[in-house]
Each structure stands twice: as structure tokens, then as C-alpha cells.
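Below, chains carry the letters A, B, ... as their sequence lines are ordered, and counting in each starts from 1. Computed from a predicted structure; not experimentally measured.
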There are 2 protein chains.
Amino acid sequence: MNIGIFGTGGVARAIAAKLVSLGHSVKLGTRNVDETKNRSQKDAMGNPPFQEWLEKNPSVTVGTFAEAAAFGEILMNAASGSGSLPALAAAGDTAMNGKILIDISNPLDFSKGFPPSLTVSNTDSLGEQIQRAHPSVKVVKAFNTLSNPLMVDPQLVNGGDHTLPICGNDADAKQKVTSLLNSFGWKSENILDLGDITNARGMEAFLLLWVRMYGSFKTPLFQFKIVK
Amino acid sequence: MNIGIFGTGGVARAIAAKLVSLGHSVKLGTRNVDETKNRSQKDAMGNPPFQEWLEKNPSVTVGTFAEAAAFGEILMNAASGSGSLPALAAAGDTAMNGKILIDISNPLDFSKGFPPSLTVSNTDSLGEQIQRAHPSVKVVKAFNTLSNPLMVDPQLVNGGDHTLPICGNDADAKQKVTSLLNSFGWKSENILDLGDITNARGMEAFLLLWVRMYGSFKTPLFQFKIVK
């Protein structure tokens with residue numbers, strides 16, 4: 001399948017490489033294609049230079065947000081919290097019309113250091129803002145509650161047995177996303193469909209606990225498993 | 001040990017009964033003692049009439065917030081979110097001076113129905129508001145992340161093997177609270193000390209996810225276990 005991913009950071013790279021390993025074609029969308037491709041410095045989050053990564057992943061193509069949107073049958077938002085709405089505005093509703101958008105973003109605000117707060121929370125969420133701004137897109141919130149190594153390799157902890165919440169307004173879209181997650185190694189019984197996109201408030205608020213557990217554990221390789 | 005609990009709802013009752021079963025003496029603090037004792041209707045959360053509960057737990061005494069505070073060597077806040085700061089103001093700093101206060105409260109706002117939002121979150125928390133309002137008290141946030149049957153009987157799910165975050169500024173107070181939690185059946189390896197009281201932001205924000213999982217599972221008998 002052709003998949004368009006908005007963003008070129010750690011999450012976008014991990015997912016792009018995984019998708020390629022599964023036989024999919026991937027185009028990453030970015031604001032300034034030449035600038036991104038030629039980037040030879042680590043990014044703000046400490047990821048290796050993009051140029052270096054791209055050389056190791058030569059089948060991945062890079063384009064504008066609009067080009068990635070037009071390319072993908074399924075789209076993923078792996079842009080930063082503050083970059084997400086601008087990225088989707090640049091992608092444009094024509095290219096995204098009717099498509100599934102897996103929204104991985106978190107509205108993290110690092111302006112006061114670590115741990116970050118959220119720029120939107122409690123009575124609204126970034127997932128809902130995205131859905132409201134692009135009503136023709138089928139937004140499925142997923143993967144925002146864990147670190148990128150675990151997204152693409154759930155077996156890294158507890159034999160893959162831990163919980164992945166998802167939410168979104170379109171049942172068929174969530175079914176298709178679940179199939180894609182299954183192909184990543186996620187068992188259906190560990191995927192927790194919370195309901196409509198307003199549940200992104202809970203999934204994004206979880207980050208306020210996640211970042212503090214990360215600060216305590218000093219590793220992003222942890223997850224939560226719901227037990228009943 | 002003598003323990004004073006602020007509140008007379010489901011959380012206060014569950015913990016009071018557990019403490020009595022462990023040999024402790026408990027006084028519940030309430031705004032209007034006579035009114036509470038004579039209450040023969042279910043409370044706002046659907047709990048059985050307090051009068052009925054008290055008859056089954058005759059060793060538990062009931063007093064004003066100030067009387068419960070004076071009685072307890074350790075104090076617990078099991079008041080509602082909106083009732084917590086008023087309860088503690090009524091208890092008074094003289095009676096609470098230097099004591100440990102286990103803060104179980106969540107700043108839930110049900111004014112728009114279920115699921116609730118939070119009245120304070122993200123860049124502050126009720127736990128911090130309580131600590132700031134009563135600097136002589138050693139506030140330890142605990143037990144706010146799960147339902148009251150599980151607080152007092154962790155073995156109800158997954159053989160007791162799930163995670164209980166706590167936080168607070170005083171290391172010795174957290175040690176004493178951990179000992180009390182151990183006596184409730186909580187294993188030390190499942191008690192996760194996140195650090196100072198600002199971590200209550202994460203623990204209280206988790207409720208925004210908890211209430212949605214509760215809505216999905218239709219039972220409060222679930223918990224999360226951190227896996228690494």
C-alpha cells in the first residue's frame with residue numbers, strides 16, 4: 001500500500017522503516033523538502049541527521065505535505081504537536097479527502113523544559129482539533145501513548161502483551177487501522193477502542209503521566225497493560 | 001494507629017473498613033456530623049445510606065473535619081474534588097501540623113455529565129494546591145488512580161500485580177505510606193514513587209483516561225500494570 005507520513009522525526013522514521021519492511025511504499029511529507037533532505041545535523045530531539053537516515057532507507061521518498069497526502073492511501077500524522085495543524089493545512093483537504101489519517105501527535109509544550117505540559121487538554125484535544133479542521137478526513141488517534149521503538153516492535157516488552165488505546169469517529173477506519181496494527185505485531189486483544197475522537201482527551205492527557213514515568217525510569221521502553 | 005479520614009463517601013468507607021480490619025482506629029470527618037449520621041438516603045454517587053454503613057461498622061467514629069484531624073496520627077483526604085480544600089481549611093493547620101496526609105482526591109468536574117473533566121490540570125494539580133495551602137502537612141498523593149475496591153484489595157485483579165503511583169515532597173512520609181500500603185496488600189515493587197508533589201499533575205491527568213476506560217469496560221475493577 002502507499003502510505004504518506006507527515007513528519008521526518010523519530011516517530012516518522014521508525015514507522016516508515018517498519019512499513020517498508022512490510023512491503024509498503026512510503027512518502028514522508030515535510031515543510032521544505034530540500035532543506036530536510038540536506039540536513040546533516042541532529043534534529044531538535046537528538047535524532048541522527050535526516051540525510052544519514054535517508055541513505056539507509058533509500059526506498060523512502062520525501063515530498064511536500066501535499067505530495068505525501070496525495071501519495072498515501074492511508075496517511076499518518078507524525079508531526080510535532082505545534083507542527084500538526086500547519087502540516088495538515090499545507091497538505092490540503094483535496095489530497096486528504098476521505099482518507100484515513102492515523103494521528104500519532106501529542107500537543108507537548110516544552111517551553112518550560114521537562115516534563116512538558118500540553119497546549120490543549122482536558123476539555124479538548126489535538127485529535128479533535130484535527131478532526132474539526134478536516135471533517136472529510138477519517139481521523140484515528142493511535143500510537144500517541146508509547147515510544148516509537150514499541151510502536152513498531154511491541155514484542156520489545158512483556159512479549160508484546162500490553163495495551164494500545166485507539167479512538168476515532170469512523171468504525172470502518174478503525175477496523176482498517178487495527179489490521180495495519182496487527183501487521184506491526186499488535187494483537188487485536190491488546191488494542192482498546194475507546195470510542196469516538198473525543199476520547200483523544202484521555203489518550204493525550206495520559207502523556208502527563210507518561211513523561212513523568214519516563215523521567216523516573218530513564219528509558220522510553222515501558223508500556224502499560226490493562227489488567228481486569 | 002489512629003487515623004483520621006476526611007469524607008464519608010465510597011472511598012472513605014472502603015478505607016475505613018480496611019483500616020479497622022487491620023486493627024486501626026478510624027474517625028471520619030464531615031461538615032455536619034448529625035446530618036451525616038442521620039442520612040438515610042443514598043449519596044450523590046449512589047452509595048448506600050451512611051446510617052446503614054455506620055451500623056455495620058460500629059467501631060468507626062464520626063466527627064467534624066477538625067476532630068478527625070486532631071484524632072489521626074495519619075490523615076487521609078477522601079473528600080470530593082470540590083470538597084477537598086474546604087474540608088482541609090475546616091480541619092485547620094493546628095490539628096494537621098506536621099502530619100502525613102494521604103491525598104486520594106481527584107478534581108473531577110461532572111457539571112457537563114460523564115465523562116468528567118478536571119477543574120485543575122496540566123500545569124497544576126489538586127495535590128499541589130493542597131500542599132501549597134497547608135505547607136506544614138506532608139502530602140502524599142496516592143490511591144487516586146484506581147477504584148476503591150482495588151485500593152483495599154489489590155488481589156481482586158491480576159493477583160495483586162499492578163502499579164500504584166505515589167508522589168510527595170517528603171521521603172520519610174512516602175516511606176511510612178508505603179508501609180501502610182504494604183499492609184493493605186500492595187507489594188513494594190508495584191508502588192511507583194514518581195518524585196515530588198508536582199507529579200500529581202500526571203497522576204490526576206490519568207483520570208481523563210481512566211474515566212473513558214471505565215466507560216468502555218463498564219466496571220471499575222481494572223488497573224494498569226507497567227511492563228518494561
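Heavy atoms of Leu156(B) lying under 4.5 Å from chain A are absent altogether. Of the atoms belonging to Thr198(A), it is backbone heavy atoms, and not side-chain ones, that fall under 4.5 Å from chain B. Within the 4.5 angstrom heavy-atom criterion, no atom of Asp109(B) approaches chain A. For Ile226(A), the parts sitting under 4.5 Å from any heavy atom of chain B are the backbone and the side chain alike.
Lys228(B) forms a cation-pi arrangement with Phe217(A), by the criterion of a distance under 6.0 Å to the ring centre and an angle within 45° of the ring axis.
Atom NZ of Lys112(A) and atom OG1 of Thr123(B) lie 7.5 Å apart (nearest 0.5 Å). Interatomic distance, Leu194(B) CG to Leu209(A) CG, rounded to the nearest 0.5 Å: 6.5 Å. The structure places OG of Ser121(B) at 7.5 Å from CG of Leu208(A), a figure rounded to the nearest 0.5 Å. Interatomic distance, Phe224(B) CZ to Phe206(A) CZ, rounded to the nearest 0.5 Å: 7.0 Å. Rounded to the nearest 0.5 angstrom, Asp124(A) CG and Ser117(B) OG are separated by 11.5 Å.
Around NZ of Lys187(B), the count of heavy atoms belonging to other residues, nucleotides or ligands within 6.0 Å exceeds 12.
Panel note: side chain Asn122(A), backbone Leu118(B); a donor-acceptor pair is recorded below 3.5 Å.
For the set Met203(B), His162(B), Glu204(B), Met213(B), the entry with the most heavy-atom pairs within less than 4.5 Å of chain A is Met213(B). Of the residues considered (Leu150(B), Val157(B), Thr163(B)), Val157(B) shows the highest number of contacts with chain A, using heavy-atom pairs under 4.5 Å.
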